Amino acid sequence: MSLYKNQPLKIYNTLTSEKNTFVPLHQGHVGMYVCGPTVYSNVHLGNVRTFMSFDVIYRYLIHLGYNVRYVRNITDAGHLTDDGDIENDRFVKQSRLEKLEPMEIVQKYTVDFHKVLEKFNFLPPNIEPTATGHIIEQIELTQKLIDDGFAYESHGSVYFDVMEYNKRGFNYGELSNRNIEELFANTRDLDGQNEKKNPQDFALWKNASPAHIMRWPSPWGYGFPGWHLECTAMSTKYLGEKFDIHGGGMDLKFPHHECEVAQGKACNGTSPVNYWMHTNMLTMNGQRMSKSTGNYILPMELIEGENNFFEKAFSPNIVRFCFLQAHYRSVLDISNEAMVASEKGYNRLMEAISLIKDLKPSSDSSFDVNAWQQSCYDAMNDDFNTPILIAQLFEITRIINLVNDGKETLTTDDINIVSKTINDFAFNILGLKNEMSSGNNAEKLSGVVQMLIEMRNEARANKNWALSDEIRDRLAALEIHLKDGKEGTTFTL
Ligand code: AMP
Ligand code: ZN
């Protein structure tokens, strides 16, 4: 039986402003869409925090036995710094700065993003669509919105008509709890707004002159799609007109996700998403981490120790452990102290884990392992509460140490439950890796290769060329290459 049947999960839903019991549209299946990075520069640690929160959510849904389709896009076109002047296209701006083609910018930072995700042990999504790969779908949606009277063309651009949407009984502002009158009163006058009927109207398609390299033909002339429409087009294509979970950072709630709700409702008459999830921000020096203000650290700068903020380098595992010690809906202020404390905590947990295999079982247990295991589930079932889960992992760390000292007892079965539960929650769900055991494995491997080198030397001394060649070739087949030099034989893994 699938675990989800007896582990009811609650998710905080931005749409209802409360925790709701999670019931997927199709039993046993979950469709989840998370807004991916805008690949015009390196992802910073703040971005990593948001994607990590969804990585853990994805991992937990899989653990519960759901068949999850996780779609996380790459925004590689159309993300303007505002909804006005196309000169503010992030890709075009950056390509001028770096003297590269916009698509070279896209490639460079997509590769960087993937490298970071791998370092931090992220599970890849099932589909990673790009905005530029879905221009046709976006044109089709735009056309449908025009045909249905929700959008209008103006000077080769197409805008969503917010006033018309509300006139038809919908409520622009429902997700971000904004009042439409206030919105109308507070909108800044930006370039390009004279093309719009109302300042709240947002671009579905932007007209672009030949000077603008990233442009595509459309029924309204050459141009490029609006950022909000990208996510609607890609989520609809891969998850359907209505799906279970849509996520992103809090800063995307408005206008990005508000516009997605409006686009989905206008196109299909139904709310596109059942559970909207928003992660809180990573701050540094008390301020939101952000590229534009310069208040940021790149993930590689942190793990390689090349920065002026942290006193030393911290491994990706420690960063993961630190980030997950805060709930995803709380602000997390990154600091050297927090990272040092996380390193200590992580080491304490891993040391306890290394003791498990040598614990002496007793005929009965003085600690209720099943209740402890359920409290790990309770933590995650309560809106993915990773700090409480980690507190439970510290609790079992304490028990393991006491059993090791003979002050508490566990049966063989209970030791096995502890071992399995830690494996599930610390490694499979929180996505931590055991640096201690991988360190040992690396040591063991180089010991074994060293032994084979010595056996090969002996074979050569005995002129047993067949054996010495076989050792070299079979190691090479495993991509372990031996190199004979003056100082002896060395190897590369
Ligand atoms: P972007 O590439 O700017 O579209 O951002 C990618 C994701 O990172 C979005 O979900 C943002 O909400 C999120 N994000 C941006 N800055 C931060 C931050 N300081 N802390 C947490 N998440 C962030
Ligand atoms: Zn999006």
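Every number for a ligand or one of its atoms is a count from 1 in the order of the listing. Since the model is a prediction, treat every value here as computed from it, not as a measurement. Reckoned from all heavy atoms, side chains included, excluding hydrogens, waters and symmetry mates. All residue numbers in this chain count up from 1 along the given sequence.
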With a 3.5 Å distance limit and no angle check, can you tell me whether Thr236 reaches the backbone of Glu241 through a side-chain donor-acceptor pair? no
Distance to the ring centre below 6.0 angstrom and angle to the axis at most 45 degrees; does that hold for Arg59 and Phe427? no
May I ask you to check whether Phe22 and Tyr275 place their ring centers less than 6.0 Å from one another? yes
Quick one: angle His256 NE2 - the Zn ion (ligand 2) - Cys231 SG, to the nearest 10°? 110°
Would you say Leu282 and ligand 1 have an N/O pair spaced under 3.5 Å apart? yes
Under 4.0 Å from a heavy atom of Met289: give me the atoms of ligand 1 that qualify, with their elements. 16 (N), 18 (C), 19 (N)
Does any N/O atom on Met281 come nearer than 3.5 Å to any N/O atom on ligand 1? no
Does ligand 1 have any atom sitting under 4.0 Å from a heavy atom of Tyr296? no
Quick test of your reading of the structure: of Thr75, Thr38, Leu332, Val331, whose heavy atom lies closest to atom 2 (O) of ligand 1? Thr38
Using a 4.0 Å cut-off to any heavy atom of His44, which atoms of ligand 1 qualify? 16 (N), 17 (C)
Heavy-atom contact under 4.0 Å between Lys291 and ligand 1? no
Work out which heavy atom in Ala266 is nearest to a heavy atom in Asp148; give both atom names and the distance. O-OD2, 4.4 Å
Test: Arg168 cationic atom under 6.0 Å from Phe150 six-membered ring centre, within 45° of axis: yes
Arg49 to ligand 1: N or O pair under 3.5 Å? no
Please state whether Asn280 comes within less than 4.0 angstrom of ligand 1, counting heavy atoms only. yes
Within reach of ligand 1, part of Leu252 (heavy-atom separation under 4.0 Å): side chain
Looking at every heavy atom in both Ser271 and Lys242, which two are closest together, and how far apart are they? O-NZ, 2.8 Å
Quick check with a 6.0 Å cut-off and a 45 degree axis cone: is Arg348 positioned over the face of Phe394's six-membered ring? yes
Can you list the ligand 1 atoms lying under 4.0 Å from a non-hydrogen atom of Asn47? 5 (O), 6 (C), 7 (C), 8 (O), 13 (C), 14 (N), 15 (C), 16 (N)
Can you name the atoms of ligand 1, numbered from 1 with element, that are less than 4.0 Å from a heavy atom of Phe51? 6 (C), 7 (C)
Contact check: Asp251 vs ligand 1, nitrogen or oxygen atoms, below 3.5 angstrom: yes
Flag the pair Glu343 and Lys312 as a salt bridge only when some basic side-chain nitrogen lies within less than 4.0 angstrom of an acidic carboxylate oxygen. yes
Under-4.0 Å salt bridge between Glu164 and Lys197: no
Do ligand 1 and Trp227 have nitrogen or oxygen atoms that lie under 3.5 Å from each other? no
Show the atoms of ligand 1 that are less than 4.0 angstrom away from any heavy atom in Pro37. 2 (O)
Are Phe425 and Tyr377 an aromatic pair, judged by ring center distance below 6.0 Å? yes
N, O or S atom of Cys35 closer to the Zn ion (ligand 2) than 2.8 Å: yes
Given Gly46, Ser292, Ser290, Gly247, identify the one with the heavy atom nearest to atom 21 (C) of ligand 1. Gly46
Side chains of Met103 and Thr132: does their closest heavy-atom pair fall under 4.5 Å? yes
